[in-house]
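Letters go in sequence order (proteins before strands), and every chain restarts at 1. Given the structure is predicted, the values throughout are model-derived calculations rather than measurements.
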Protein chains: 2
Amino acid sequence: MTRRELDPRKEKILQVVTDDYIESAEPVGSRTIARKHNLGLSPATIRNEMADLEESGYLKQPHTSAGRIPSHRGYRYYVNILMEQKQLTNDELAFIKGEFDPKNKPAGYESILQRTAKIVSEITKYPSLILTPRPQEARFRHIHLVAMDGNHVLGLVVMDTGFVENILLETPVAYTQDELNKISAFLNSKLHGVSLGEFGTGVLNQLQTEAQSWEGLGDTLQLLLATLDRKKQDRIYVDGTINILEQPEFKQVEKFKLLLSILEEEEKLLNLMNQALQKRGLNIYIGEEINDESVEDCSMVTATYEVDGKVLGAVGVLGPTRMDYAHVVTVVDFVAKSLSNFLKEK
Amino acid sequence: MTRRELDPRKEKILQVVTDDYIESAEPVGSRTIARKHNLGLSPATIRNEMADLEESGYLKQPHTSAGRIPSHRGYRYYVNILMEQKQLTNDELAFIKGEFDPKNKPAGYESILQRTAKIVSEITKYPSLILTPRPQEARFRHIHLVAMDGNHVLGLVVMDTGFVENILLETPVAYTQDELNKISAFLNSKLHGVSLGEFGTGVLNQLQTEAQSWEGLGDTLQLLLATLDRKKQDRIYVDGTINILEQPEFKQVEKFKLLLSILEEEEKLLNLMNQALQKRGLNIYIGEEINDESVEDCSMVTATYEVDGKVLGAVGVLGPTRMDYAHVVTVVDFVAKSLSNFLKEK
DNA sequence: GTTAGCACTCTCGGTCAATGAGTGCTAACT
DNA sequence: AGTTAGCACTCATTGACCGAGAGTGCTAAC
């Protein structure tokens, strides 16, 4: 539905209703519209138009004798066609740019994404979600084994996404650093460019047969892989959950509890955010377009971030269907782009 | 106040009131007590005793013509003297033991503590807090520098707490692995056993002068330290925030918002939990004994965990003053001990 | 096609009385 | 002297009721 299917006057009214409702959280009536925006129309006319809009499914009434609010269909039309682009304020712009200043470079993925989550939730005043780069698709760039005391070896794995993982291994034999260097070189030659996803038992078996010359290496490898496998999971950073309490629709504890239970369950969040990766760039999910039966009357705005044309993860905002789409879209889009740039520098 | 300052009958009544109130969240009246626990006393007698207890500050009334609830002083007496030891149920015991099974050994500090937080909040049904081992006091065990592509060096730092940190450095010069090995050896000889806290600019300056022979090393060192310094912060893992919504005293959104804002602010949590480290073992903070003006009507139960007699961090539960102390104390204590054991195995 | 007018609907806030839980006090009981 | 029955009193809670206000749909006039 990206076609203008409504005549201009109906569009104007739908837009006004949506804007007003987003701002006030109150159903908006014909009188209010006539008063606030002088469309040169009487309340009665507006009433007629609104009745039409309700019949064709763009508006709805919480109860007779209340004003109208947009239906999901109405929001969809609003978002696709009517919504006016918003600009970031100078403050917002400065804030985001400051946080993504290349001077802040070190400090690893984890803290960058956590910071990104904080930025988004602070500006939008909604809870934010950041999906980490998908480890499954990361490729080995470098493996290094370091001898520690006794039977301990520290495995260091660097992926092409810049992701660094260290794994403390207990080995059946005590290796010298020289041996480990050889093993490292061997592993590097075999694994360079292989993705964590491809790297199933097949590759492992092959490695093991080829590596029989090193005593006990098979077991060590197995351990390395088991640990790596556990880290293979995507992660989500959440921030600003508390913001949702500012929204009047969540004043009833029950509604809020439902949403919080989702925000605390990483698995559900992963489901939500993984949808976002399917289509690069910006996405808006309104109401039941979010594929989760336990999310009620919520919408989600997401944008993917990428490096060298490769989609890594996504930045998202979860809020009530009555969220300030124009603002959120602008923020999410800009932050995702800033994050992409920031990561490219590395 | 660990003396029995009340006569047995008053004690019994204080205990019954507290137990009942903890269970029901409703002020408890004389009639209820006479009915439920047959003390062989009439409501009138109980009323007299309760009036005495109120006068001496152990009980209070939310309003005239309501039942009594324990005051903070009453809770304190209850916790110190009256509370009956609870046993863990078999299910709880099995659950905890299963999670701390040494077979689950790998996977690093982070995930262990996160899991611990989950265990505690799931069993107690209150939000849980886990304070990480204090990086300030960790001592260097091992430093290793690995050459990556071009001007990048990966610094690997292992602390005696088992904490492993990796830091990607951009160096002004491209080092060969041989050079790096020498530098590593040099750093190891200098830093082994030094704690992160001691490691101020003093040590740094000394290192820099001694290390002038390596071109550009000074800057690199500085960078390494700056990054390490940023990691020096204690961390807190929180889980089960949502549980607090089950408590009737947080049904009003405002109360809940206050608590949530604390649980989302790491700095405040650190303040709270750092108190716990002062005294090893179990601690109970009731009401204003928690040193934070924004926490209202809450109590905290904490227990330290340790390895080789050295206190590393603490396990805690934050709940309403009306929390089930007996249960929480048992759980927190046992989990802290299990965690200590688990960490010792490493 | 637009609008004024009007009857109607529904929510919200406030008042009022009834209810019930619980208390404190006094006087009688053991 | 400690215990208890009885009674008057207090206070929060609940449900019924009412009026005000916002908004609608419909009809008839413009």
Nearest 0.5 Å please: distance from the [atom1] atom of [X] over to the [atom2] atom of [Y].
X	Y	atom1	atom2	result
B:Asn274	B:Ile236	CG	CD1	7.5 Å
A:Lys10	A:Leu59	NZ	CG	11.0 Å
A:Arg9	A:Leu14	CZ	CG	14.0 Å

- Query: So which one's nearest nucleotide on DNA chain D is more toward 5', B:Ser65 or B:Gly40?
  - Reply: B:Gly40
- Task: Would you name the heavy atoms of A:Arg73 and A:Gly57 that are closest together and state the gap between them?
- Result: CB-O, 3.4 Å
- Message: Please find the pair of heavy atoms, one from A:Ser121 and one from A:Asn243, that lie closest to each other, and give the distance.
- Response: O-ND2, 3.2 Å
- Message: Can you tell me if A:Thr64 touches the phosphate of C:dC10, counting only side-chain N or O atoms and a distance under 4.0 Å to OP1 or OP2?
- Response: yes
- Contacts of A:Tyr75 that satisfy ring-ring contact (aromatic ring centres under 6.0 Å, His included) - sequence neighbours left out: A:Tyr325
- Query: Listed by chain and number, what are the ring-ring contact (aromatic ring centres under 6.0 Å, His included) partners of A:Tyr285, not counting sequence neighbours?
  - Reply: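 For A:Tyr285 there are no ring-ring contact (aromatic ring centres under 6.0 Å, His included) partners, ignoring immediate neighbours.
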- Task: Please work out which residues in residues 9-39 of chain B have a non-hydrogen atom less than 4.0 Å from an atom of DNA chain D and list them by number.
- Result: B:Arg9
- Query: Tell me, which stems hold DNA chain D, with a stem being 3 or more Watson-Crick or G-U pairs in a row and both distances under 3.5 Å?
  - Reply: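 Stem segments, range with range: C:1-30 with D:1-30.
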- Task: Establish, from distance only, whether the side-chain atoms of A:Tyr126 and A:Asp324 form a donor-acceptor pair under 3.5 Å.
- Result: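 The criterion, which ignores hydrogens and geometry beyond distance, is not satisfied for A:Asp324 and A:Tyr126.
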- Check whether the side chains of A:Glu92 and A:His327 place a donor and an acceptor atom closer than 3.5 Å, and report yes or no. yes
- Decide salt bridge (Lys or Arg N to Asp or Glu O under 4.0 Å) for A:Asp297 and A:Arg322; before the verdict, give the C-alpha distance in whole Å, the side-chain angles of both, and the deciding distance to 0.1 Å. CA-CA 8 Å; A:Asp297 296 316; A:Arg322 186 192 62 75; over 6 Å; no
- Query: Is A:Lys125 paired with A:Glu246 through a side-chain N to carboxylate O contact shorter than 4.0 Å?
  - Reply: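 No.
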- Message: Salt bridge check, A:Glu11 against A:Arg4: does any charged N sit closer than 4.0 Å to a carboxylate O?
- Response: yes
- Message: Reading DNA chain D in the 5' to 3' direction, which nucleotide is the first one with an atom under 4.0 Å from a heavy atom of chain A, and which is the last?
- Response: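 Taking any atom under 4.0 Å from a heavy atom of chain A, the span is D:dG23 to D:dG25.
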- Task: List in numerical order all residues of residues 44-51 of chain B for which some heavy atom is under 4.0 Å away from an atom belonging to DNA chain C.
- Result: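 Per residue number, the list reads B:Arg47, B:Met50.
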- Please assess B:Lys60 against B:Glu54 for the test salt bridge (Lys or Arg N to Asp or Glu O under 4.0 Å), listing each intermediate value before the final yes or no. CA-CA 6 Å; B:Lys60 63 184 180 186; B:Glu54 180 165 3; over 6 Å; no
